[in-house]
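Accompanying notes for the structure given below.
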Amino acid sequence: QVQLVESGGGLVQAGGSLRLSCAASGRTFSNYAMAWFRQAPGNEREFVAAISWRGNSRFYGDSVKGRFTISRDNAKSTVILQMNSLKPEDTAVYYCAGSKGGFAGRSSHEYDYWGQGIQVTVSS
């Protein structure tokens, strides 16, 4: 069993940056693929970024490519989402997710564990 807790959200002006962290409990974190998703009011949950268990494979949703960076520190059981050049349309609740497989894709169905979510608001 893995528990995921997000932190680092908040309010930022357009063009600014935020750094989200996801702290994981459980000894098998380093075996899991990890990802970030987001959900804005009235919208479906959207894939943001994913990283493989070793961190050597990363991919991003089209809307954040070139602006967001996902990374992980297996020694600290932490996943980071660095968000730069933020836009008002990035406003959403951001969720950290973990997959028991070492690699996972863009579908939320591939992920077994979820954090409670954290609000990110970008003002124009």
Would you be so kind as to tabulate the donor-acceptor pairs closer than 3.5 Å made by side chains of residues 11-25, with sequence neighbours excluded?
from	atom 1	to	atom 2	distance (Å)
Ser17	OG	Asn84	OD1	2.9
Ser25	OG	Gln3	N	3.1

Using atom types as modelled, flag every donor-acceptor pair under 3.5 Å from a side chain in residues 117-124 to any protein atom, sequence neighbours excluded.
from	atom 1	to	atom 2	distance (Å)
Gln119	NE2	Ala92	O	3.4
Gln119	NE2	Thr121	OG1	3.3

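Residues Trp53 make up the rest of the hydrophobic cluster containing Phe103, defined by ILVMFWY side-chain heavy atoms closer than 4.5 Å, directly or through other members.
Legend: disulfide (SG to SG under 2.5 Å) pairs involving residues 52-92, not counting sequence neighbours: none detected. Under the salt bridge (charged side-chain N to carboxylate O under 4.0 Å, His left out) criterion, the residue pairs touching residues 29-56 are Arg38-Glu46, Arg38-Asp90, with sequence neighbours excluded. Judged as a ring pair (Phe, Tyr, Trp, His ring centres under 6.0 Å), the pairs with a partner in residues 59-86 (not counting sequence neighbours) are, in order, Phe47-Phe59. Identified under the side-chain hydrogen bond (donor to acceptor under 3.5 Å, both in side chains) test for residues 96-117, with sequence neighbours left out: Glu6-Gln116.
Under the 4.5 Å side-chain heavy-atom criterion for grouping Ile, Leu, Val, Met, Phe, Trp and Tyr, Ile51 is connected to Tyr94 within one hydrophobic cluster. Hydrophobic clustering (side-chain heavy atoms under 4.5 Å, transitive across Ile, Leu, Val, Met, Phe, Trp, Tyr) groups Met83 together with Val64.
Across Phe29 and Asp73, no two heavy atoms sit closer than the pair CE2-O, 4.2 Å. Across every non-hydrogen atom of Ala49 and Leu81, the tightest pair is CB-CD1, 4.2 Å.
In this view, Asn43 satisfies the side-chain hydrogen bond (donor to acceptor under 3.5 Å, both in side chains) rule with no residue, not counting sequence neighbours. In this view, Ser71 and Arg58, Ile80 satisfy the side chain to side chain contact (heavy atoms under 4.5 Å, CB included) rule, not counting sequence neighbours. Partners of Arg72 under the salt bridge (charged side-chain N to carboxylate O under 4.0 Å, His left out) rule, at least two apart in sequence or in another chain, do not exist in this structure. Residues satisfying the side chain to side chain contact (heavy atoms under 4.5 Å, CB included) criterion with Ser30, sequence neighbours excluded, are Asn74.
For the side chain to side chain contact (heavy atoms under 4.5 Å, CB included) with Met34, the lone residue among Leu4, Val2, Thr78 that qualifies is Leu4.
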